[in-house]
Amino acid sequence: MRRIKKVAFYILLLCTSLFQFKDIKAQELFVNAEPASIMPARSIMIKQSYATMTGKENDNNFKTQLEFSLSKNWMTHLGTNYKSWEWYTQYRFYSKDAVYEHLRMALFFRAIYAASNAIHTNSILLEGQESVLHSGLIITQLKHKWASSLTIGALVKQDALAANGQAGFQYSFSNGLLLYPKKYTSYGQTNVNFYIELIGQTLFSDKAHYLDVAPAIQFIFNSQSKVNISYQLPLINESNRLTTHTAALSWDCLFFNALPKHKKKS
Amino acid sequence: MKYFAILIFFFLSLSATAQVQSVELVASGLTCSMCSKAIFKSLSQLDFVADVKVDIEKSSYILTFKSPEQVKIEQIREAVYDAGFAIETMQMTANFPKRKAIDEEVVVLSGYQFKWKLSNVKDIAQPQKVTIVNKEILPTAGFYYLKF
């Protein structure tokens with residue numbers, strides 16, 4: 001409990017200190033979470049990531065992902081780390097926009113199919129180590145200099161040892177801001193963004209839980225391609241998961257208007 | 001023959017006066033340049049748009065057209081919403097057929113029927129910048145309403 005209070009204190013301190021900056025802009029192109037916003041309609045994104053994970057065991061994850069925006073409210077992703085397959089879909093059902101601000105909400109569903117299943121830990125691994133179903137709600141608020149996103153979802157993994165599978169909650173709280181440029185003048189400017197994300201999981205069965213913090217830096221080139229560097233480490237770890245620290249490097253590129261437009265009948 | 005051509009040109013230029021010259025819109029719901037580029041790309045691919053000038057900082061876009069009679073307000077609106085955002089304000093610069101603007105009077109521009117929404121009669125400059133007042137740029141009872 002003392003540890004949680006300490007963590008809450010540091011988060012509050014960080015949030016208030018970030019508010020002291022003047023003329024900063026919020027950014028919601030989070031590295032470890034999806035915002036409730038959908039990619040521009042009919043766009044395609046290619047994403048490549050490499051993560052090295054350490055802890056009780058060491059592991060690597062090399063992941064390729066293709067993301068499609070089928071409409072302004074609906075997108076779907078297909079991904080593989082060459083040991084597992086992942087399908088993700090997200091639907092935005094609420095959007096309230098104003099100048100430099102918005103409030104958006106979306107529902108998501110994710111299915112991970114892993115060829116070799118069930119590593120018997122009291123946590124659910126989402127990097128393709130085991131087969132998992134994951135579904136929930138995303139709420140994202142962008143307000144001038146502040147972009148925050150909350151994701152709450154339920155998880156269930158397929159585990160031969162646990163008769164009813166193992167289930168739990170996954171949640172994340174992401175915040176982002178623009179460090180550079182101070183003023184936008186062209187799409188060619190390289191943008192530098194800073195993110196701080198909290199990622200947590202609680203399992204129902206044996207009350208195991210963890211809460212990680214993941215600071216990340218992001219470079220955006222030509223307003224189209226991103227390079228992300230993040231490091232995830234535990235604040236609280238009351239689980240026996242195999243890896244606890246993750247260093248990740250990823251690259252993605254967005255292709256606008258790549259899918260054909262569906263013509264309406266007039 | 002020469003006079004005939006001049007006469008035709010004169011009538012053509014007369015009919016071309018009651019048309020939208022440019023549209024300036026401010027998009028809402030964004031702060032990042034990637035989001036701004038998404039709107040820019042979406043507007044640029046409209047087949048009747050000749051050029052899009054953008055101010056990323058202000059989220060404003062000025063559209064000029066290949067031929068003013070083909071301006072499609074619905075498609076401009078849809079392009080911004082498809083990019084994932086909304087329109088805060090939409091203004092048009094146009095040459096108007098009349099010199100006076102009277103509340104509720106119908107104005108035909110680029111094939112659209114507009115109506116003035118004014119508290120008193122106003123003089124129209126040539127060209128005149130006007131604002132579409134309809135919420136979310138959706139026509140009400142078939143009309144887009146204009147104010148100065």
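Heavy-atom basis, side chains included; hydrogens, waters and symmetry copies ignored.
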Rounded distance [0.5 Å steps], [atom1] in [X] versus [atom2] in [Y]:
X	Y	atom1	atom2	result
K72(A)	S42(B)	NZ	OG	11.0 Å
M34(B)	L29(A)	CE	CG	6.0 Å
R42(A)	Q45(B)	CZ	CD	5.5 Å
L142(A)	C32(B)	CG	SG	8.5 Å
T31(B)	K143(A)	OG1	NZ	13.5 Å

Test your reading of the model: is there a side-chain donor-acceptor pair from K37(B) to the backbone of F256(A), 3.5 Å cut-off?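 No: the side chain of K37(B) does not pair with the backbone of F256(A).
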Mark yes or no for whether Y100(A), through its side chain, and S59(B), through its backbone, hold a donor-acceptor pair below 3.5 Å. no
Per-residue contact mode, E57(B) against chain A (heavy atom under 4.5 angstrom): both
Contacting region of S36(B) [heavy-atom separation from chain A under 4.5 Å]: both
For [X], which atoms come within 4.5 Å of any heavy atom of chain B: side chain, backbone, both, or neither?
X	result
E101(A)	backbone
N222(A)	both
K96(A)	neither
T185(A)	backbone

Write down the atom of N191(A), the atom of S33(B), and the distance for their closest heavy-atom approach. OD1-OG, 2.9 Å
Is the [atom1] atom of [X] crowded by more than 12 outside heavy atoms at less than 6.0 Å?
X	atom1	result
K47(A)	NZ	yes
K147(B)	NZ	no
W251(A)	CH2	yes
Y180(A)	OH	no

